[in-house]
**Q** 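Supplied in structure tokens, the structure appears directly below.
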2 protein chains.
Amino acid sequence: MSEEKYILVVDDEPAILDMVEFALKRTGFRLMLAEDSMQAMSRIAESKPDLILLDWMLPDISGVDLARRLKRDELSKSIPIIMLTARAEEGDKLRGFEVGVDDYVTKPFSTRELIARINAVLRRAEPQQDDAGLCMRGLELDPSTHRVGFEGEKVSLGPTEFRLLHFFMTHPERVYSREQLLDRVWGQNVYIEERTVDVHIRRLRKELATHGCDKMIQTVRGAGYRFSEQT
Amino acid sequence: MSEEKYILVVDDEPAILDMVEFALKRTGFRLMLAEDSMQAMSRIAESKPDLILLDWMLPDISGVDLARRLKRDELSKSIPIIMLTARAEEGDKLRGFEVGVDDYVTKPFSTRELIARINAVLRRAEPQQDDAGLCMRGLELDPSTHRVGFEGEKVSLGPTEFRLLHFFMTHPERVYSREQLLDRVWGQNVYIEERTVDVHIRRLRKELATHGCDKMIQTVRGAGYRFSEQT
DNA sequence: CAATAATATTACAGCCATATGACAGAAAGG
DNA sequence: CCTTTCTGTCATATGGCTGTAATATTATTG
């Protein structure tokens with residue numbers, strides 16, 4: 001808890017912004033500011049904050065949509081999000097939670113409440129570090145050590161293959177199109193041939209094949225690829 | 001998302017119709033038109049739309065009555081309805097919501113507002129159909145994993161057969177002509193022989209037959225095909 | 001029951017999606 | 001600065017999928 005946490009505040013109302021800024025700085029957080037979704041995304045790209053305070057209403061892309069986007073991207077999905085909303089309607093809240101938002105604060109709110117929620121969410125998020133070791137059918141991947149193994153044997157992968165496998169193991173059983181994979185494994189602003197995905201799938205399979213577990217990467221013709229424990 | 005949504009517009013004013021048609025087509029929706037309630041019902045019987053835009057005032061049966069009727073029928077009750085009304089009176093709105101209408105747009109309206117409402121309603125309705133695995137009489141289809149099974153056994157289908165079955169399972173108990181199937185399963189700008197549908201029906205049935213559930217795809221002579229749980 | 005229409009079934013050739021191997025440039029590491 | 005590894009693209013191979021037509025079967029009609 002010694003290290004200072006960075007909080008990105010996304011809001012276009014100066015009044016709110018001032019209040020939040022004052023309260024958070026006083027409590028010992030470091031701030032990053034953005035006035036709309038575009039700015040928010042570039043801030044995040046520059047430097048990953050520890051938590052995002054996100055207004056429901058924004059000038060460009062709506063807060064929920066931004067949240068959905070962030071929660072979909074491999075790089076930003078682990079960042080907790082607290083939404084600020086004027087509406088207390090249950091429907092909206094539900095939509096937010098579906099998207100993966102971590103908590104809600106309804107305007108008007110006290111700084112005390114805000115701080116409390118932020119601390120609660122940060123505490124909850126702490127142990128949820130993404131370096132929990134993954135294991136499926138003997139195939140182990142440890143993000144913290146950046147190692148992959150199969151039943152004790154060492155599996156050696158290049159950086160991209162590692163990220164690809166990591167994505168698959170955290171999203172098993174589901175089919176992803178080449179486009180989605182490019183978006184989520186490579187990052188959203190890259191222009192790369194879709195066929196390139198095939199090649200990396202091939203490289204990943206080739207290495208897995210030496211250990212006899214390449215069948216876990218499955219081709220779904222006309223749709224994309226899937227990582228699965230089942231045959 | 002990926003698939004084109006069908007919207008049935010029920011209105012007898014050419015001016016409104018033109019405007020709506022232009023706006024919706026531009027946004028990428030597929031249109032179905034009806035000028036009164038009777039037409040609307042037969043359109044729905046032909047092919048189930050994903051959403052209905054319903055004028056309050058119609059030449060024959062009033063819009064509210066039609067809405068009530070649709071919301072009572074098992075086959076059409078899940079279709080979201082947005083009412084178009086000139087009156088802003090709360091009483092009318094209430095009556096509409098009681099009937100089960102999903103949203104209201106008061107004339108005059110901007111196309112932007114209309115589109116926004118449509119998207120909102122569709123998004124709200126989405127989680128029912130999009131990701132939820134479908135299951136009927138032991139036959140399971142999961143769009144997210146792209147897997148089909150029958151009582152645990154794996155059912156393997158080609159891409160077209162998968163889409164065909166997916167369409168059928170989301171539109172059960174209703175007859176679709178070959179033309180309609182080509183339109184909705186293959187896409188709108190395809191020039192393909194109608195007989196080709198027979199062949200894909202055959203392929204689908206053949207695979208289903210190995211699991212003993214091919215009876216669910218039924219031929220309706222002179223009309224088309226139907227997917228049904230009943231025998 | 002014959003004649004006709006609609007659907008079922010089969011076979012097949014072209015096409016399209018994916019797999020694979022090779023390569024040059026970029027990045028990383030020594 | 002050189003070596004090595006990694007990356008993205010292309011060319012080619014392969015195999016499955018697709019649409020069509022030809023033929024068989026079944027239903028409808030008079």
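Below, read A as the first sequence line, B as the second, and so on, with proteins coming before strands; counting in each chain starts at 1. Because only heavy atoms are used, hydrogens play no part in the values below, and waters and symmetry mates are left out as well, while side chains stay in.
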**Q** In this structure, how many angstroms lie between the P atom of dG14(C) and the CD atom of E193(B), rounded?
**A**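 Going from E193(B) (CD) to dG14(C) (P), I get 18 Å.
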**Q** In whole angstroms, how far is the P atom of dA26(C) from the CD1 atom of I192(A)?
**A**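 About 15 Å, once rounded to whole Å.
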**Q** Rounded to whole Å, please give me the gap between CZ in R195(A) and P in dC23(C).
**A**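 That distance rounds to 21 Å.
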**Q** In terms of the nearest nucleotide of DNA chain C, which residue is placed more toward the 5' end: R203(B) or I201(A)?
**A**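 This one resolves to R203(B).
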**Q** Extract, from 5' to 3' on DNA chain D, the first and final nucleotides lying under 4.0 angstrom from some heavy atom of chain B.
**A**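 Terminal contacting nucleotides, 5' to 3': dC17(D) to dT28(D).
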**Q** Can you name the residues that form a side chain to side chain donor-acceptor pair (under 3.5 Å) with R195(B), not counting sequence neighbours?
**A**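 Partners of R195(B) under the side chain to side chain donor-acceptor pair (under 3.5 Å) test: D198(B).
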**Q** What's the CZ-P distance between R221(B) and dT4(C), to the nearest Å?
**A**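 Nearest whole value for this atom pair: 15 Å.
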**Q** Salt bridge between E207(B) and R203(B), side-chain N to carboxylate O under 4.0 Å?
**A**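 A salt bridge is absent here (no side-chain N lies under 4.0 Å from a carboxylate O).
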**Q** Closer to the 5' end of DNA chain C via nearest nucleotide, is it T219(B) or G224(A)?
**A**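 This one resolves to T219(B).
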**Q** Using only side-chain N and O atoms of R205(A), determine if any of them is under 4.0 Å from OP1 or OP2 of dA19(C).
**A**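 Answer is yes, contact under 4.0 Å.
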**Q** What pairs with S76(B) under side chain to side chain donor-acceptor pair (under 3.5 Å), at least two apart in sequence or on another chain?
**A**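 Expected list: none.
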**Q** With no hydrogens and no angle check, do the side chains of E161(B) and H200(B) hold a donor and an acceptor under 3.5 Å apart?
**A**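 A pair is found: one side chain offers a donor N or O, the other an acceptor, under 3.5 Å apart.
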**Q** Using atom CZ of R202(B) as one end and atom C1' of dT10(C) as the other, report the distance to the nearest whole Å.
**A**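 Distance check: R202(B) CZ to dT10(C) C1' gives 8 Å.
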**Q** Are R117(B) and D102(B) ion-paired here, with the side-chain N under 4.0 Å from a carboxylate O?
**A**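 Between D102(B) and R117(B) there is no salt bridge, as every charged N stays at least 4.0 Å from the carboxylate O atoms.
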**Q** So does E229(B) pair up with R137(B), basic N to acidic O under 4.0 Å?
**A**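 Not counted as a salt bridge, because no side-chain N and carboxylate O are separated by less than 4.0 Å.
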**Q** Using a 4.0 Å heavy-atom cut-off across all strands, classify E194(A) as base, sugar-phosphate, or nothing.
**A**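 Contact class for E194(A): none.
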**Q** If the cut-off is 4.0 Å, is Y225(A) near the phosphate of dA17(C), judged by side-chain N/O to OP1 or OP2?
**A**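 For dA17(C), OP1/OP2 do not have a side-chain N/O of Y225(A) under 4.0 Å.
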